[in-house]
Each structure stands twice: as structure tokens, then as C-alpha cells.
> 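One structure, pasted below without further comment.
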Amino acid sequence: MPLSWNEIRARALTFSNEWGDESSEGAEAKSFWDGFFNIFGVSRRRIASFEKHVKKIDGRDGYIDLLWKGVLLIEHKSRGKDLDRAYRQALDYFPGIKERDLPRYMVVSDFARFRLYDLDKDIEHEFTLQDLHKNVHRFAFIAGYQTHKIKEQDPVNIKAAELMGKLHDQLRDIGYTGHDLEVYLVRLLFCLFAEDTGIFQRQQFQDYIEQRTFEDGADLGHHLVTFFHLLDTPSEKRLSNQDEQLNAFPYVNGKLFEERLPPAAFDSAMRQALLECCALDWSRISPAIFGSLFQSIMDEEARRNLGAHYTSEQNILKLINPLFMDDLRAEFNKVKNNKNKLFEFHKKLRTLTFLDPACGCGNFLVIAYRELRLLELEVLRAAHKSGQMVIDIHQMIQLDVDQFYGIEIEEFPAQIAQVALWLVDHQMNLLVSQEFGMYFARIPLKSSAKIVHGNALRMDWRNVVAPERLNYIMGNPPFVGQRYRPADKTAEMLACYRNPKGVAMVDYVSAWYCKAVNHIADTDIKCAFVSTNSIIQGTQVVPLWNELRSRDKIHIHFAHRTFKWTNEARGKAAVYCVIIGFGLREAKTKKLFEYENVTADPYEMRANNINPYLIDAPDVFVQSRGAPICDITPMVRGSDAVDDGHLLLEEEEKQDLIKREPKAKRWIRPYLSGKGFLYNKPRYCLWLVNCPPNELRNMPIVMRRVEAVRVARLASKSIPARRLADTPTLFATIRTTKSKFLFIPQVSSENRIYIPVAYFGPEVICAGPNFQIPNATLYEFGVFTSLMHNAWMRVVCGRLKSDYRYSNTIVYNNFPWPKTPTEKQAADIEAKAQVILDARAKFPDSTLADLYDPLTMPPILLKAHNALDKAVDRAYRRASDKRGAFNNEAERVSFLFNLYQQYTAPILPEVRL
């Protein structure tokens with residue numbers, strides 16, 4: 001067990017006094033460094049060797065004064081010698097040292113002076129022997145107190161997973177597979193972490209392998225069987241004649257080493273791979289993310305994208321801070337100066353319990369536990385400052401991993417989650433030890449998190465943790481869209497839903513909301529889940545929230561609106577997500593986190609009410625409608641070909657057809673798709689409506705295309721499509737206009753502020769699934785292309801990946817148009833809309849994609865849109881209202897939801913904001 005810092009400083013002062021007048025080299029230098037290591041209660045002879053022979057870069061022999069493999073190199077000179085020269089001499093030894101043994105630290109000294117180099121951080125400290133006691137904390141890595149600031153994106157996390165992946169493959173290739181391999185690797189992970197964080201002595205595991213096993217690895221597997229058994233055996237029950245080096249390892253317990261595994265067969269390369277793992281500094285590993293990385297090594301496909309699928313710490317904090325940490329920190333700040341209240345607050349922390357019902361490798365549980373332990377450290381500091389004596393830190397630390405529960409469908413991640421919580425517990429214990437100068441470790445392991453291996457949607461969560469014992473449910477359930485959901489997952493959802501009709505329309509993640517609402521009935525439990533943003537958009541909102549509210553009154557306490565859930569690892573995995581915090585009780589304050597764009601930092605707003613669209617507005621649902629709620633021109637879908645492409649023509653195909661069959665020219669019409677519209681890529685179609693049979697027979701090339709349509713339709717699995725084979729000359733649906741129409745693309749980039757729309761003549765065929773507004777007025781064009789309508793669209797439309805997916809039945813038919821615009825307001829909107837069309841016309845060679853890209857949008861067009869936005873905003877205000885334009889998109893959408901409520905519930909008193 002490491003010495004206390006007070007004792008270490010006292011020993012350092014004694015050492016300085018004893019060696020203050022020494023000036024000898026050689027043997028006495030060994031005594032000097034033996035005494036130096038003794039300051040920290042460490043035997044130099046066990047960890048480091050003197051006069052280590054190496055080959056220098058020039059091929060000559062060199063002798064390192066002292067080398068602690070992988071940790072420390074010391075070059076010692078007689079008093080008064082040049083330390084710069086000693087430093088250069090020490091660097092000359094590096095080419096002769098194995099890569100895995102290269103030191104992190106280097107010391108050059110001449111008895112009277114010390115110069116310490118941290119080679120990783122490129123930091124240098126120099127001080128005299130007499131000031132050693134003032135600088136002894138810089139040698140925390142010797143004392144066993146060293147803590148690292150764990151960096152989430154530290155490359156060492158990726159390196160560690162890659163090394164373990166190499167070892168995994170070698171074991172798998174010899175036939176050591178399945179459950180045995182998974183448990184074996186988890187045990188090795190714990191041992192690697194243990195020897196770099198003070199659970200074991202520094203390099204104790206590595207030394208045992210190097211010193212007690214053959215280089216060919218033949219006996220390593222059997223040594224590890226004995227080793228694992230010993231870690232599961234209390235000291236008093238071990239054999240009296242047990243190998244001394246092996247017996248020095250502590251009793252671990254925690255059932256981690258309880259199961260008896262068959263021995264693995266190692267060879268030289270596999271032994272070397274394990275030693276490479278040992279050489280890494282595992283104290284720098286983040287338990288919060290390494291679990292996911294570690295899991296990915298089990299899958300070669302995932303390993304190629306290593307790091308792409310873990311949940312970043314920043315994103316986890318977006319959930320746990322508003323769910324509970326913000327409130328706990330605020331409560332701590334209120335009571336930290338009151339001794340009695342602080343004591344009660346500390347007791348409260350110990351009573352809190354947490355469940356992640358889709359915990360994976362435990363990322364959320366690990367970060368939550370770490371944040372709570374950091375808060376507890378603040379409590380201990382405040383208690384110490386206020387006069388509560390922190391004498392025995394073992395009794396003062398209250399929080400433990402047994403406050404955490406999880407459910408995980410795969411066995412391996414469930415094991416990792418439990419170990420990861422032990423690892424972060426030990427990291428936090430080291431931090432407390434360093435803070436108060438008293439070593440604290442929970443070895444042997446006595447408490448553990450309860451991580452249940454099972455299907456969360458098929459089990460009763462009360463068998464994991466009773467609701468009356470639970471405070472918070474949180475997590476990141478799996479993302480599986482309704483279009484790509486296998487049958488077994490649909491069956492799981494049906495078991496969770498009361499109304500089976502809703503299951504077909506919603507994402508898999510929604511089932512966790514149903515299970516959570518069941519579990520928290522009649523309690524104050526608070527919940528928060530990360531979810532794909534599709535559950536707050538389009539047709540998914542109504543079935544999900546009708547299902548939830550059929551069980552109880554759900555209140556949303558906080559929410560993060562859409563943001564990109566990503567990380568900095570190689571092969572980033574980006575998903576567009578929301579976070580929804582909810583419970584059965586009203587929250588005193590409701591927080592809504594908005595984003596300027598999906599990659600920006602959030603800004604917090606206070607909300608009166610957060611509705612299922614995550615808007616500060618009434619709880620109303622936007623349902624699919626066959627007609628607009630306002631008196632405006634209807635929007636209809638374009639014409640669907642269902643032709644396997646045989647009625648459609650590219651520009652070259654059109655010209656070739658006309659050249660070879662001139663009679664076909666009169667039956668060719670412009671065909672407008674979304675991509676062709678946005679990128680000005682003309683396409684055409686054979687429009688054979690009312691084409692006389694005799695004229696059709698005189699066009700053999702066209703006839704071949706018609707026959708190909710018939711064959712394709714007959715081969716379809718769709719019964720309606722097969723019926724269409726009877727009319728192969730026609731599109732499946734025919735929706736044309738006799739005058740101009742406004743074209744609306746179904747899909748538009750998330751990056752655009754405005755969906756581009758434009759007028760076309762009746763000769764143009766609007767392709768399904770895009771939309772058209774026949775005879776649209778300039779006023780309708782103006783309101784449609786305004787920020788008011790686009791803000792509404794962004795909230796209620798569906799998505800295709802991250803792009804907007806427009807719908808006439810959801811977006812357009814439910815859009816609340818201005819109630820009673822004056823003639824002046826309508827005329828102003830028409831005038832401003834015409835300015836937009838005129839501004840576009842100044843750039844005839846630019847596509848609409850160019851014109852509406854925020855990076856390339858011409859200032860004159862942006863200015864015209866800004867003017868139109870203000871004109872439309874004014875049309876929504878009362879004539880007496882002097883506020884004019886809305887301040888931001890959130891304000892617009894909140895207003896529109898209130899107006900929507902008026903349109904759809906006319907018996908309610910009118911609300912004008």
C-alpha cells in the first residue's frame with residue numbers, strides 16, 4: 001500500500017539531509033538511488049536494474065545507469081557535471097531499448113541537482129537536492145499516486161483496442177473462441193489496468209510474464225490459469241508454499257475470476273502480443289469509451305472502423321447533466337457551507353440509484369458514476385474546510401458501484417460494463433488518495449453493479465431493480481428505423497405496445513419509452529433517452545405519444561433538439577439525434593436546448609411547455625390530413641411512372657430517339673424530378689396519353705419501350721403494379737395541370753435555409769414523389785418560401801437520412817397560414833415574392849442548388865428573402881401589434897403551434913401571441 005504524502009515528504013527531507021554532503025559515484029550512486037526509491041516505499045531492486053547494457057545508435061556498447069522498463073531512465077553523474085551532456089547521453093541509449101520498454105520519464109542528476117523530464121508531455125523540472133521534499137509530488141508515478149487527466153480522444157484508447165484486437169485474433173485462430181475468449185480478454189483487460197493504477201504493483205503482471213514464462217510462450221497459458229485462480233483466492237486460503245512472486249498479487253474477488261476457464265495455448269508471437277499490451281500505459285485509458293472500443297475488436301468489420309460507434313463523453317453529459325447532475329450541483333452549492341445540511345446531502349448521494357436498460361459497455365453508467373464521485377470529492381473538500389475531520393477516507397467515501405443497474409442483450413458488453421465501473425471506481429479512488437494523501441482502494445472487490453444479460457424489451461425491469469428503489473432511468477437504446485427493422489424486433493415492439501397499429505409507423509427505440517413509462521408508474525423517477533430525431537418528426541409523433549399517454553400523463557422536463565451525434569474517432573459514425581428527458585411529475589423548470597446547426601454547441605432556453613415536437617408550445621399533434629386546414633390551393637403529388645425507367649429519357653436518349661424516330665417528338669414532354677429541378681439536369685418522358693394506336697405502331701422504337709414497361713410491370717411483386725401492365729403506354733398515376741404550377745421537391749438538403757420552389761408551365765410533367773400546387777398565386781409562393789413555412793416544415797416533416805422530406809398531408813395541409821392578412825399585407829408579400837424571382841433571374845447559369853446553398857447564395861437573393869420574411873411575419877401579427885418580425889425560428893414555431901391549435905380546435909378561445 002502506498003505511503004501517505006506526509007510520510008513521503010518527511011522521508012524526502014531526511015534523504016536530502018543524509019546525502020547533502022555526498023560526492024561519490026559507482027557503488028554509492030546505487031545506494032543513493034536505493035535510498036531515493038525508499039522515500040516512496042518502493043524497492044528499487046524489484047522494479048529497476050543498474051548498468052543495463054544496450055547498443056547505442058553508433059553501434060557501440062552503452063550502459064544505462066538505471067532503467068525501469070517503460071517508466072523511468074536515470075543517468076547519474078558526479079557532483080558538478082554538465083546535466084545537459086548527461087541528458088544527451090541518455091537519449092543515445094534509446095535506439096538500443098525495445099519499443100515497449102521506452103521510458104515515459106527521464107532523470108539526470110549529479111547528487112546535488114535533479115532534472116526530471118516528462119517525455120510524453122515534453123515538460124522539464126529542475127530542482128536541488130535540498131528542495132526535493134518540495135518537488136517530491138512530481139514523482140507520483142513512483143509512489144503509486146499518479147493520476148492522469150483522462151482524455152476522451154487520447155490515441156492511447158485506439159492503440160489499446162488495436163493491441164487487444166491483435167491478441168484476440170491470435171487466440172481465436174487457435175480455436176479459443178466464444179464465451180471463454182470473451183471472459184479471458186476481460187480478465188486480461190482488468191490485469192493490464194490494475195498494474196498501471198496501483199491495484200497491482202507497477203509492472204508486476206508484466207514482470208511475472210517476462211521472468212517466469214518461457215519466451216516461446218509454451219507455458220504461458222498454464223501460468224495464467226494459476227494466476228487467475230490465485231486472484232480469486234483470499235490470502236489466508238492460499239497455499240503456504242505458493243510461489244513468492246505470484247503470491248504478491250492481491251486478492252481481487254468480485255467474481256471476475258471465479259469461473260474456471262480452459263487454458264489457452266500461447267506461442268512466442270502471442271506472448272509478445274500480450275507483453276506489448278503490458279507496455280502500454282493503461283492508466284490513461286478511459287473506461288467511459290474503451291468498453292465500446294474493446295467490444296469492437298470482437299468484430300473484424302467493426303474494427304476496420306475502430307472507434308466509430310462509441311458514445312462520446314460530451315454527448316453523454318448532454319443527457320446526465322440536465323437529468324440529475326445540474327440539480328445536484330446546485331443543491332451542493334446551497335448546502336456546502338452548512339455542516340449539517342452538507343452531511344445530509346452526502347447521505348442522499350449514497351441513496352441514488354440508476355438504471356440503463358440498454359447499457360452496452362456501460363458508457364452512461366461509467367460517466368454518471370464518475371461525475372457523482374467528482375461531486376462527492378467536492379463534498380469531502382467542503383467538509384474538511386468546514387471542520388468535519390476527514391481522518392479515515394475509507395469511511396468518508398460513500399458512493400459505490402452498487403448504485404448502478406444495467407440491462408444488456410449481449411453477454412460480452414455486459415461483462416465489460418461491470419468491469420468498466422470497477423475501473424472508473426479505482427480511478428476515482430486514486431484521485432481521492434492524491435487529494436487527501438491517504439491511499440484508498442477497494443481491493444478485494446466487495447460491491448458490484450448489477451448488469452443483467454438479457455433482452456430489455458422481453459423482461460420485467462422490476463426483476464432488475466424495483467421502482468421504489470430507483471431514481472433515474474437513462475441511456476441510448478438501439479437505433480433501428482421502421483423500414484429496416486427485422487421481424488423479431490417488430491415482435492418485441494408489439495409486446496411493449498398496447499395499440500399494435502402504431503408499431504408499423506415508429507422506430508425501434510420507441511419501445512424503450514413504453515417500457516420506461518410502465519416502470520415509473522406512480523413514482524417520481526425521471527428518465528432520459530437519446531433517440532433518433534425521427535421520433536419527433538412526421539408521422540411517428542402521433543402513434544408514439546398517443547401510446548405513451550394512454551398509460552399516464554407524461555411531462556417532458558428537458559430536451560435537446562436535433563444535433564449530430566458523432567465523435568472524433570476514425571471512421572466517424574454520425575446519427576441525427578434528440579435527447580428527451582421526461583417523467584410523470586411536472587418539472588419546476590423546463591429546459592430546451594437549441595442548436596444553430598446540427599454540429600454547433602447547444603444554447604439553453606427556459607420553456608413553459610415542451611411538446612412532443614420538442615417545441616415550447618401546447619401539446620398538440622399534427623396528424624396526416626387529406627385537405628389543408630386553411631382556405632388555400634391544394635397541393636398534389638406528381639405523376640408516378642412505375643415503368644422500370646422505360647418511359648423516361650435522358651437528354652442524349654431523347655435526341656437519339658428523335659433522330660431515329662422523328663414522329664416521337666410530339667409525344668416527348670419535359671419530366672421534372674427533384675434532382676433535375678435542383679441541379680438543372682433536364683430529363684424527359686414519353687407521354688403517350690391519347691396517342692392513336694396506328695401512330696404508336698408507326699414508332700417501333702417507342703413500341704419496344706412500351707413492351708418493356710408491360711414486361712416489367714408483370715414481373716412486379718406488387719399486385720397493383722401487375723394490373724398496370726394492361727395500360728403500358730401510360731404512367732401509373734396521371735396528375736397534370738392546364739396552367740402553370742409551383743414545383744416542390746420532396747427531398748431537400750438540411751443545409752438549406754429555404755426549400756427551393758419554382759413555377760413551371762403545363763407542358764412539364766411533375767414526377768412523383770415530388771409535389772405541385774396548380775395555379776399557385778404569387779401570395780402563396782411568397783408565404784410558402786418564407787421562413788415561417790420553412791420553420792414549420794423543419795419541425796413536422798419527416799427525414800431521409802438528415803435531409804428534409806416534404807409531405808403534403810403532414811406539412812402543407814397542417815400549415816397555419818395567416819388568418820386575416822390585410823390587402824396591403826398580401827400585396828406586400830406578392831411584391832417581395834416577385835423580387836425573389838427577379839433576383840434568381842439575374843443568375844441564369846446557376847442552379848437552384850447553387851442559389852440556395854448558404855455558402856454560395858447571392859447577397860441580392862438573401863436580401864430579397866429577408867425582406868419577404870419580414871413581410872410574412874407582419875401578416876401573422878395584429879394590425880395593432882408593433883412587434884413586426886419574429887426574433888428567431890423557435891419563436892416562429894411556437895407561435896405557429898398556438899395558431900394551429902386555434903385552427904384545429906375552433907371552440908377554444910382565440911390566442912394571439
Side-chain angles (χ1 to χ4, degrees), residues 322 513 528 531 533-546 548-549 553-563 578-583 586-596 602-625 628-630 783 786-799 804 807 810-819 869 872-873 875-878 881 883 885-913:
Y513 285 81
S531 310
N533 64 352
S534 55
I535 70 166
I536 65 159
Q537 298 167 348
T539 58
Q540 295 203 33
V541 176
V542 174
L544 171 58
W545 286 90
N546 277 345
L548 296 180
R549 288 180 172 171
K553 176 63 175 175
I554 308 299
H555 300 278
I556 299 178
H557 299 158
F558 71 90
H560 280 262
R561 301 204 67 225
T562 298
F563 64 95
V578 294
I579 298 173
I580 303 176
F582 61 97
E586 279 281 17
K588 292 181 181 179
T589 58
K590 297 186 177 183
K591 301 175 183 178
L592 195 54
F593 295 88
E594 280 277 2
Y595 294 78
E596 290 291 344
Y603 59 90
E604 179 184 329
M605 301 187 305
R606 294 300 171 94
N608 294 318
N609 183 68
I610 303 175
N611 73 11
Y613 298 91
L614 306 190
I615 296 295
D616 183 3
D619 287 339
V620 293
F621 295 107
V622 178
Q623 304 191 53
S624 179
R625 294 178 185 273
I629 60 173
C630 300
V783 175
S786 71
L787 263 184
M788 287 296 281
H789 174 261
N790 278 274
W792 173 264
M793 177 274 301
R794 275 186 272 276
V795 172
V796 302
C797 79
R799 299 276 177 141
Y804 305 126
S807 163
I810 292 290
V811 184
Y812 185 79
N813 290 349
N814 285 294
F815 178 62
W817 290 66
K819 261 194 168 183
D869 292 337
V872 173
D873 284 357
Y876 279 95
R877 303 287 198 186
R878 289 185 183 276
D881 195 329
R883 286 177 293 178
F886 293 88
N887 293 317
N888 52 51
E889 190 156 306
E891 190 176 309
R892 285 185 173 88
V893 174
S894 179
F895 175 90
L896 288 171
F897 266 93
N898 279 280
L899 185 58
Y900 174 80
Q901 189 178 43
Q902 294 177 37
Y903 278 125
T904 56
I907 60 172
L908 295 177
E910 180 177 335
V911 178
R912 194 78 182 218
L913 300 181

> Looking at every non-hydrogen atom in both residues, tell me the closest pair between Val622 and Ile810 and how far apart they are.
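Closest approach of Val622 to Ile810: CG1-O, 3.6 Å.
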> What's the spacing between Tyr603 OH and Glu596 CD if we round to 0.5 Å?
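Tyr603 OH to Glu596 CD: 4.5 Å, rounded to 0.5 Å.
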> Do Ile579 and Phe593 pass the side-chain contact (heavy atoms from CB on, under 4.5 Å) test, and can you show the C-alpha distance, the side-chain angles, and the key distance before you say yes or no?
CA-CA 9 Å; Ile579 298 173; Phe593 295 88; over 6 Å; no
> Is a salt bridge present between Lys588 and Glu586, judged by a nitrogen-to-oxygen distance below 4.0 Å?
no
> Counting only heavy atoms not in Glu604, do more than 12 fall under 6.0 Å of its CD?
yes
> Go through it in stages, so that I can follow the logic: the residues are Gln537 and Val796, the test is side-chain contact (heavy atoms from CB on, under 4.5 Å), and I'd like the CA-CA distance, side-chain angles, deciding distance and then a yes or no.
CA-CA 5 Å; Gln537 298 167 348; Val796 302; over 6 Å; no
> Which heavy atom of Leu614 sits nearest to which heavy atom of Ala559, and what is that distance?
CD2-CB, 3.7 Å
> Is His557 close to Lys591 at the side-chain level, that is, under 4.5 Å between some pair of heavy atoms?
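When only atoms from C-beta onward are counted, His557 and Lys591 do not touch, as no gap falls below 4.5 Å.
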> Backbone N or O of Phe886 within a donor-acceptor pair of the Asp873 side chain at under 3.5 Å?
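Such a contact is found between Asp873 side chain and Phe886 backbone.
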> Between Pro818 and Val783, what is the shortest heavy-atom contact and its length?
CD-CG1, 4.3 Å
> Decide yes or no for Tyr613 and Arg561: does some side-chain heavy atom of the first lie under 4.5 Å from some side-chain heavy atom of the second?
no
> Is the charged tip of Arg892 near the ring of Tyr876: under 6.0 Å from the six-membered ring centre and within 45° of its axis?
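Negative - Arg892 is either too far from the ring of Tyr876 or too far off its axis.
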> Go through it in stages, so that I can follow the logic: the residues are Gln623 and Thr904, the test is side-chain contact (heavy atoms from CB on, under 4.5 Å), and I'd like the CA-CA distance, side-chain angles, deciding distance and then a yes or no.
CA-CA 11 Å; Gln623 304 191 53; Thr904 56; over 6 Å; no
> Got Ile580 and Ile556 here, is their nearest side-chain heavy-atom distance under 4.5 Å?
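Sidechains of Ile556 and Ile580: in contact.
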> To the nearest 0.5 Å, what is the distance between CE on Met605 and CG on Asn888?
6.5 Å
> Spell out, as yes or no, whether a donor-acceptor pair under 3.5 Å connects the side chain of Tyr513 to the backbone of Trp545.
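Not confirmed, Tyr513 side chain does not pair with Trp545 backbone.
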> Under the 3.5 angstrom rule, does the side chain of Asn814 hit a backbone N or O of Pro628 as a donor-acceptor pair?
no
> Look up atom CG in Asn813 and atom OG in Ser624, then write down how far apart they are to the nearest 0.5 Å.
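Output value for this atom pair is 8.0 Å.
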> Just wondering, do His555 and Asp619 contact through their side chains at under 4.5 Å, heavy atoms?
no
> Return the orientation label for the Tyr900 and Trp792 ring planes: parallel under 30°, perpendicular over 60°, tilted otherwise.
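Plane angle between 30° and 60°, so tilted.
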> First locate atom CG of Asn611, then atom CD1 of Ile536, and finally report the distance between them rounded to the nearest 0.5 Å.
9.5 Å
> Hydrogens and angles aside, do His560 and Tyr595 bring a side-chain donor and acceptor to less than 3.5 Å of each other?
yes
> As an exercise, state the distance from OG of Ser531 to CG of Leu544, rounded to the nearest 0.5 Å.
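Going from the OG atom of Ser531 to the CG atom of Leu544 covers 8.5 Å.
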> Looking at every non-hydrogen atom in both residues, tell me the closest pair between Asn609 and Ala617 and how far apart they are.
ND2-O, 2.7 Å
> How many angstroms lie between OH in Tyr812 and OG in Ser807, if you round to the nearest 0.5 Å?
12.5 Å
> So do Ile629 and Arg625 actually touch side chain to side chain, heavy atoms under 4.5 Å?
yes
> Looking at every heavy atom in both Arg549 and Phe621, which two are closest together, and how far apart are they?
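Nearest pair, atom of Arg549 first, then Phe621: NH1-CZ, 4.0 Å.
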> Checking side-chain contact (heavy atoms from CB on, under 4.5 Å) for the pair Tyr903/Lys819: CA distance, chi angles, key distance, verdict?
CA-CA 9 Å; Tyr903 278 125; Lys819 261 194 168 183; 3.1 Å; yes
> Considering only NZ, NE, NH1 and NH2 on the basic side and carboxylate oxygens on the acidic side, decide whether Asp616 and Lys590 come within less than 4.0 Å.
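No, no charged N to carboxylate O under 4.0 Å.
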> Less than 4.5 Å apart, side chain to side chain, heavy atoms only: is that true for Trp817 and His789?
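They are not in contact (no side-chain heavy atoms under 4.5 Å apart), so the answer is no.
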> Looking only at non-hydrogen atoms, find the nearest pair between Thr589 and Arg606 and report the distance.
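Scanning both residues completely, I find the closest heavy atoms to be CG2-NH1, 3.4 Å.
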